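Everything below concerns the one structure shown next.
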Protein chains: 2
Amino acid sequence: MRESPRFVDGYLLALLARASHAASAGFHARLKARGVAVPVWRVLATLQGAPQGVTVGELAGICLMQQPTMSKLLDRMEADGLVVRQRQGRSMRILLTAPGAALAAELVAEARAHEAVLLARHAGAAPALKALLRDLAG
Amino acid sequence: MRESPRFVDGYLLALLARASHAASAGFHARLKARGVAVPVWRVLATLQGAPQGVTVGELAGICLMQQPTMSKLLDRMEADGLVVRQRQGRSMRILLTAPGAALAAELVAEARAHEAVLLARHAGAAPALKALLRDLAG
DNA sequence: CCGCGACATATGAAAAGTCATATATTGGCC
DNA sequence: GGCCAATATATGACTTTTCATATGTCGCGG
């Protein structure tokens with residue numbers, strides 16, 4: 001009846017990783033069912049509502065990937081007709097194509113719906129939780 | 001002065017992922033400096049204090065990886081002399097070797113120290129946060 | 001105007017991860 | 001006892017990620 005003494009069950013970073021993983025699992029399954037990889041979704045979500053485009057480095061930072069990984073992901077997304085690259089100075093602005101924007105809009109709508117369910121389950125706690133998370137992300 | 005309208009800045013799953021990533025960044029940098037990959041650390045931390053061993057499937061679940069990924073990670077860790085496999089019935093019990101246990105103990109100590117700093121920065125909030133995260137992890 | 005350091009992105013070779021499926025082991029049923 | 005479905009792990013072909021570094025682009029001193 002005693003609590004498990006396992007280190008990883010109490011370790012904050014493990015709890016964060018586990019919570020993130022578990023909370024995302026449902027939506028990630030929907031993405032997979034639609035044939036959209038998680039990194040692709042992250043890029044689409046980031047570009048959604050950024051009509052002037054976002055640079056490769058910014059995308060990498062926001063999507064929590066490294067820059068070369070992002071460059072290659074963008075190669076594939078460009079090949080799939082989801083985004084275009086536009087050189088601007090020394091950086092590169094990444095923009096959604098029309099099909100890319102359409103897909104992004106659909107997925108963001110699904111994500112919002114999915115989030116609403118999650119938030120409903122944790123009714124009052126959401127704002128405080130989000131504030132804490134932002135703080136941790138500091 | 002208005003809040004950024006970027007979807008990803010308010011999306012719970014993105015906040016979770018970002019908080020997890022940011023909070024772990026410091027410790028992950030220390031791991032890298034010691035030449036220990038994050039997945040290796042997760043396995044060591046999980047096996048720490050499990051003298052009777054843990055199965056491959058359990059390890060995969062706890063470490064948030066897929067089973068074949070874990071099998072191959074264990075191949076490398078076994079080759080590096082950190083763990084041994086011991087067949088038990090149809091499953092496989094993974095045990096730390098002496099060097100593996102030594103490394104695990106060191107790293108867990110560092111992790112605890114690192115966590116203490118994080119928790120100190122968010123003094124009172126920690127228990128509530130951990131409870132919320134456990135809840136989210138369902 | 002040319003060259004040079006700084007910043008931004010791309011690329012090549014190697015490592016790790018993924019998906020589907022093969023192999024191994026057990027327990028139960030006839 | 002041998003066969004079969006169920007469970008646990010391993011493996012092979014392929015994709016993605018990573019690390020280090022190359023390439024490209026700007027701003028500036030001379």
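Remember, predicted model here, so these are calculated numbers, not experimental data. Chain letters run A, B, ... following the sequence lines, proteins first, then strands; residues in each count from 1.
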Which pair of non-hydrogen atoms, one from A/L96 and one from A/Q48, has the smallest distance, and what is that distance?
CD1-N, 4.0 Å

Output the rounded distance in Å from CE (B/M65) to P (C/dC19).
15 Å

No-H, no-angle donor-acceptor pair, A/K72 side chain to C/dT9 base, under 3.5 Å
no

Ignoring the backbone of A/R90, work out which of D/dA8, C/dC7, C/dT9 is nearest its side chain.
C/dC7

Plane angle bin for A/F27 and A/H114 - parallel if under 30°, tilted between 30 and 60°, otherwise perpendicular
tilted

Roughly, in whole Å, what's the span from CE in A/M77 to P in D/dT17?
12 Å

Which part of the nucleic acid, if any, lies within reach of B/Q67 when heavy atoms closer than 4.0 Å are counted: base, sugar-phosphate only, or nothing?
base

Atom-pair distance (CD on B/Q88; P on C/dG27), nearest Å:
12 Å

Candidate nucleotides C/dA8, C/dC19, C/dA10, ranked by approach to the side chain of B/Q66 - the nearest:
C/dC19

When you check the phosphate oxygens OP1 and OP2 of C/dC19, does a side-chain N or O of A/K32 lie under 4.0 Å from one of them?
yes

Rounded to the nearest Å, what distance is computed from the CD1 atom of residue B/I94 to the P atom of nucleotide D/dA10?
7 Å

Verify the contact: side-chain N or O of A/S71 to OP1 or OP2 of C/dT9, cut-off strictly under 4.0 Å; return yes or no.
no

B/P68 side chain: which of D/dT17, C/dC19, D/dT25 is closest?
C/dC19

Does the distance from a Lys or Arg side-chain N to an Asp or Glu carboxylate O, for A/E106 and A/R30, drop under 4.0 Å?
no

Given atom CZ of A/R42 and atom P of D/dT16, what is their separation to the nearest angstrom?
16 Å

Think A/R85 has a side-chain N or O under 4.0 angstrom from the OP1 or OP2 of C/dA10?
yes

Is the backbone of B/L12 close enough, under 3.5 Å, to the side chain of A/E115 for a donor and an acceptor to pair up by distance?
yes

Rounded to whole angstroms, how far apart are CG on B/L73 and P on D/dT11?
15 Å

Keeping B/R87 on the side-chain end and B/M92 on the backbone end, is there a donor-acceptor pair under 3.5 Å?
no

Would A/D75 and A/R85 pass as an ion pair if we require N to O under 4.0 Å?
yes

Find the bend of the helix from C/dC1-D/dG30 to C/dC30-D/dG1 as the angle between its two terminal axes (five pairs each), to the nearest 10°.
10°

Among the nucleotides C/dT11, C/dT25, D/dT11, which one has an atom lying closest to any side-chain atom of B/R87?
C/dT25

Hydrophobic cluster identity match, B/L31 and B/L82, side-chain contacts under 4.5 Å
yes

At less than 4.0 Å, is any side-chain N or O atom of B/R76 found next to OP1 or OP2 of C/dG17? Yes or no.
yes

Separation of C/dA16 atom C1' from B/D75 atom CG, nearest Å, is 12 Å

Would you mind reading off the distance between A/R93 atom CZ and C/dA8 atom C1', rounded to a whole angstrom?
12 Å

Would the distance check show the side chain of A/T69 and the main-chain N or O of A/M65 forming a donor-acceptor pair, the cut-off being under 3.5 Å?
no

